Amino acid sequence: MDQILEKWDEILMTVKTEHDISDIAFNTFLRPLEFYGVTGNTAYILVPSEQLGLSYISKKYYLPLKVAITEITGTEYEIKFILPEQAKSIASSPNKQKKPFYSEAASKSNLNSNYTFDTFVVGSNNRFAHSASLAVAESPGEAYNPLYIYGGPGLGKTHLMHSIGHFILERNPDAKIICVTSEEFTNEVIESIRSGNAAAMNKFREKYRTIDVLMIDDVQFIIGKESTQEEFFHTFNALHSAGKQIILTSDKPPKEMETLEERIRSRFEWGLMADIGTPDYETRMAILRKKIEADEMNLSDEILNYIATNIKSNIRELEGALNKLLAYSNLEKTDITMEIAQKELQNIITPDKPKEITPQLIIEVVSEHFQISLDQMISKNRSKDIARPRQIAMYLCKNMTDTPLDSIGALLGGRDHSTIIHGVQKISDEYESDETTRSLIDTIKKKINPN
Ligand SMILES: Nc1ncnc2c1ncn2[C@@H]1O[C@H](COP(=O)(O)OP(=O)(O)OP(=O)(O)O)[C@@H](O)[C@H]1O
């Protein structure tokens, strides 16, 4: 069963390719189908609404899906299409996990599958940014170019930007979208320059100048990097003059980026700037409700109210509180009462008590910031993409907590004392000498401790 679930996207794409199904037919009939579960050797496929045409789908896609499932999983299943009402009566081991459709194009573009317009709650704090994002998604390159979304940490800038990407790819799966953090962009510029050959630079330029949509997250980090700013400037011009869409996010408006080159600042301001503020109570409650629904979690309104009243300025923290309760409920196999919620969340939300900053919290925030898993953080993998976040975690654990170096090493995959000293020293030197690193570290610190 897991195999079908895991490979569901691949199964759908295989049917599309092998039967030469048009994008419109694919998006209309195949994409909405969900793998529901397996009973015996029957695989149930959920047709989410009768209007979609159950009998048409059964006739047309029964055999292609059966063949693709057999080919891809190596097991032959009987296939049954069911409607949601029928699904309820299938008792045995239905698959409760709904996995969102995640196209190959979205994954290649580096888009987070959870960040879509469907999962985004619109409130007074983000209404304008949301409308602007929808307008850009509907007419990329035409509505507002660039779209510059700014606001404090954890307020949904990245979520909105990725939503635009998914929306564009849904309509046009061939659209070429690149979504990077400005750190990744900077690293690529540095790598191309360091390699010293023209071919590497040309490859970089070819990659960034032949796309339809460029998304750069946390663009404030290009401040102070001369060659990155230079490359960004030319990339921006090439894409903009070709009518290609550029979307940027930042923690501040361009006018507050004091040391940014003027020619770049003015370009940031060419299109539309949309800020996201802190959510009001209703929006916080709506976000909490949406998340518990998605996680199929049971929490009383009293508990939701307790969280929404106490966590006000960062949606990532709202989610963190829910995740903590979810983990507790799963581990202890118990329902969450108000008493448990207050006890479990006391570090996060007791207003007069400073938040406890632990190495575990730091490691979690760093891995989330760099979009790498906790397993990668503690692994033996020494590639730059993993080793640098790990060293940043070492540095922050050393500077923000009193944890001994040996314990930091133990938490980061059993690394020894000297490895930790080396990591801390390296980031410390960079913090002193390099403005981008300083700004990066300060941003992560703010995520760890917004106060
Ligand atoms: N309006 C919203 N509806 C639903 N979820 C939201 C909303 N705003 C933010 N979130 C969730 O909060 C978390 C943080 O959002 P996101 O990463 O987009 O913030 P950000 O503004 O880019 O933060 P940072 O600047 O710290 O990177 C994500 O999990 C996101 O899905």
Side-chain angles (χ1 to χ4, degrees), residues 100 110-134 147-166 179-185 215-222 247-253 256-257 273-295 297 304 307-308 311-324 326 348 361-362 364-372 389 392 396 439-451:
N110 217 4
L111 299 175
N112 183 325
S113 61
N114 295 320
Y115 293 177
T116 63
F117 284 124
D118 287 346
T119 57
F120 191 82
V121 174
V122 183
S124 52
N125 63 315
N126 57 31
R127 197 174 309 280
F128 180 63
H130 176 260
S131 308
S133 300
L134 259 183
L147 174 64
Y148 185 99
I149 307 172
Y150 67 95
L155 292 179
K157 304 180 291 292
T158 308
H159 189 139
L160 263 186
M161 184 166 76
H162 285 219
S163 305
I164 301 174
H166 285 297
C179 177
V180 282
T181 61
S182 67
E183 238 225 326
E184 286 159 349
F185 184 83
M215 303 178 169
I216 302 192
D217 211 0
D218 288 331
V219 75
Q220 71 271 14
F221 294 130
I222 71 163
I247 306 164
L248 308 165
T249 76
S250 170
D251 66 349
K252 39 178 112 55
E256 285 177 23
M257 296 176 157
M273 288 183 287
D275 73 320
I276 302 190
T278 48
D280 58 17
Y281 172 79
E282 286 74 19
T283 312
R284 297 198 296 278
M285 279 298 272
I287 290 173
L288 289 172
R289 289 216 170 92
K290 190 145 194 156
K291 302 269 177 211
I292 61 167
E293 211 182 286
D295 289 339
M297 197 181 170
L304 295 185
I307 301 174
I311 302 180
K312 295 188 176 142
S313 57
N314 186 323
I315 296 164
R316 187 177 291 110
E317 291 203 347
L318 273 187
E319 287 188 338
L322 276 189
N323 290 340
K324 196 157 185 207
L326 183 61
I348 310 182
L361 173 73
I362 294 175
E364 265 174 44
V365 174
V366 172
S367 60
E368 196 207 275
H369 181 90
F370 289 99
Q371 303 240 339
I372 61 175
I392 289 177
L396 291 170
S439 165
L440 170 71
I441 300 280
D442 289 344
T443 299
I444 299 176
K445 273 187 173 169
K446 240 193 248 168
K447 285 188 184 179
I448 295 167
N449 183 10
N451 308 319

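Note that ligands are numbered from 1 as they come in the structure, with each ligand's atoms numbered from 1 the same way. As the structure is a prediction and not an experimental result, all values here were calculated from the model.
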Any idea which part of [X] is under 4.0 Å from ligand 1, heavy-atom wise: side chain, backbone, both or neither?
{"X": "Ile287", "answer": "side chain"}
{"X": "Val122", "answer": "neither"}
{"X": "Lys290", "answer": "neither"}

| query | Could a heavy atom of Leu155 be found less than 4.0 Å from some atom of ligand 1? | reply |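 Checking ligand 1 against Leu155, which is what was asked, there is a heavy-atom contact under 4.0 Å.
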| message | Holding to ring-ring contact (aromatic ring centres under 6.0 Å, His included), I want the full list of residues that pass it with Phe221, two or more places apart in sequence or in another chain. | response |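 If we apply the ring-ring contact (aromatic ring centres under 6.0 Å, His included) test to Phe221, skipping adjacent residues, there are no hits.
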| query | Quick one: ring-ring contact (aromatic ring centres under 6.0 Å, His included) partners of Phe370, sequence neighbours excluded? | reply |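 Applying ring-ring contact (aromatic ring centres under 6.0 Å, His included) to Phe370 gives none.
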What is the nearest protein non-hydrogen atom to [atom], stated with its residue, atom name and distance?
{"atom": "atom 5 (N) of ligand 1", "answer": "Lys291 NZ, 3.4 Å"}
{"atom": "atom 23 (O) of ligand 1", "answer": "Gly154 N, 2.8 Å"}
{"atom": "atom 9 (C) of ligand 1", "answer": "Gly156 CA, 3.4 Å"}
{"atom": "atom 4 (C) of ligand 1", "answer": "Thr119 O, 3.3 Å"}
{"atom": "atom 17 (O) of ligand 1", "answer": "Arg316 NH2, 3.2 Å"}
{"atom": "atom 22 (O) of ligand 1", "answer": "Thr158 OG1, 2.5 Å"}
{"atom": "atom 8 (N) of ligand 1", "answer": "Ile315 CD1, 3.3 Å"}
{"atom": "atom 28 (C) of ligand 1", "answer": "Tyr115 OH, 3.5 Å"}

[X]-ligand 1 polar pair, N/O distance under 3.5 Å:
{"X": "Pro153", "answer": "no"}
{"X": "Phe120", "answer": "no"}
{"X": "Val121", "answer": "yes"}

| said: Side chains of Leu160 and Ile276, heavy atoms from C-beta outward: is any pair under 4.5 Å? | reply: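 They are in side-chain contact.
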| query | Roughly how far apart are Tyr150 OH and Lys252 NZ, rounded to 0.5 Å? | reply |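 Here the rounded value is 12.5 Å.
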| task | Kindly compute the distance separating CD1 (Ile164) from CG (Leu111), expressed to the nearest 0.5 Å. | result |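 The CD1 atom of Ile164 sits 10.5 Å away from the CG atom of Leu111.
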| message | Please find the pair of heavy atoms, one from Pro389 and one from Val366, that lie closest to each other, and give the distance. | response |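 Result for this residue pair: O-CG1, 3.4 Å.
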| query | If every non-hydrogen atom of Glu184 is compared with every non-hydrogen atom of Asn110, which pair is closest and at what distance? | reply |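 Scanning both residues, the minimum pair turns out to be OE1-ND2, 4.0 Å.
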Candidate with minimal heavy-atom separation from [atom], of [options]:
{"atom": "atom 30 (C) of ligand 1", "options": "His159, Glu317, Glu368", "value": "His159"}
{"atom": "atom 13 (C) of ligand 1", "options": "Lys447, Met161, Glu319", "value": "Glu319"}
{"atom": "atom 20 (P) of ligand 1", "options": "Lys157, Arg284, Gln220, Gln371", "value": "Lys157"}

| message | I'd like to know if the side chain of His162 and the backbone of Cys179 have a donor-acceptor N/O pair within less than 3.5 Å. | response |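 Side chain of His162 to backbone of Cys179, a donor-acceptor pair under 3.5 Å: no, none is there.
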| field | Side chain Thr249, main chain Asp218, donor-acceptor under 3.5 Å | value |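 Yes.
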| request: Output yes when Glu368 and Lys447 qualify as a salt bridge under the 4.0 Å nitrogen-oxygen rule, no when they do not. | output: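 Salt bridge: no.
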| said: The test is side chain to side chain donor-acceptor pair (under 3.5 Å); show your working for Asp280 and Ser124 and say whether it passes. | reply: CA-CA 7 Å; Asp280 58 17; Ser124 52; 3.1 Å; yes
| query | Is it true that His166 and Phe117 have ring centroids separated by less than 6.0 Å? | reply |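 They do not qualify: ring centres at least 6.0 Å apart.
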| message | I need the atoms of ligand 1 closer than 4.0 Å to a non-hydrogen atom of Asn126, numbered in the order shown. | response |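 Atoms satisfying the 4.0 Å criterion: 1 (N).
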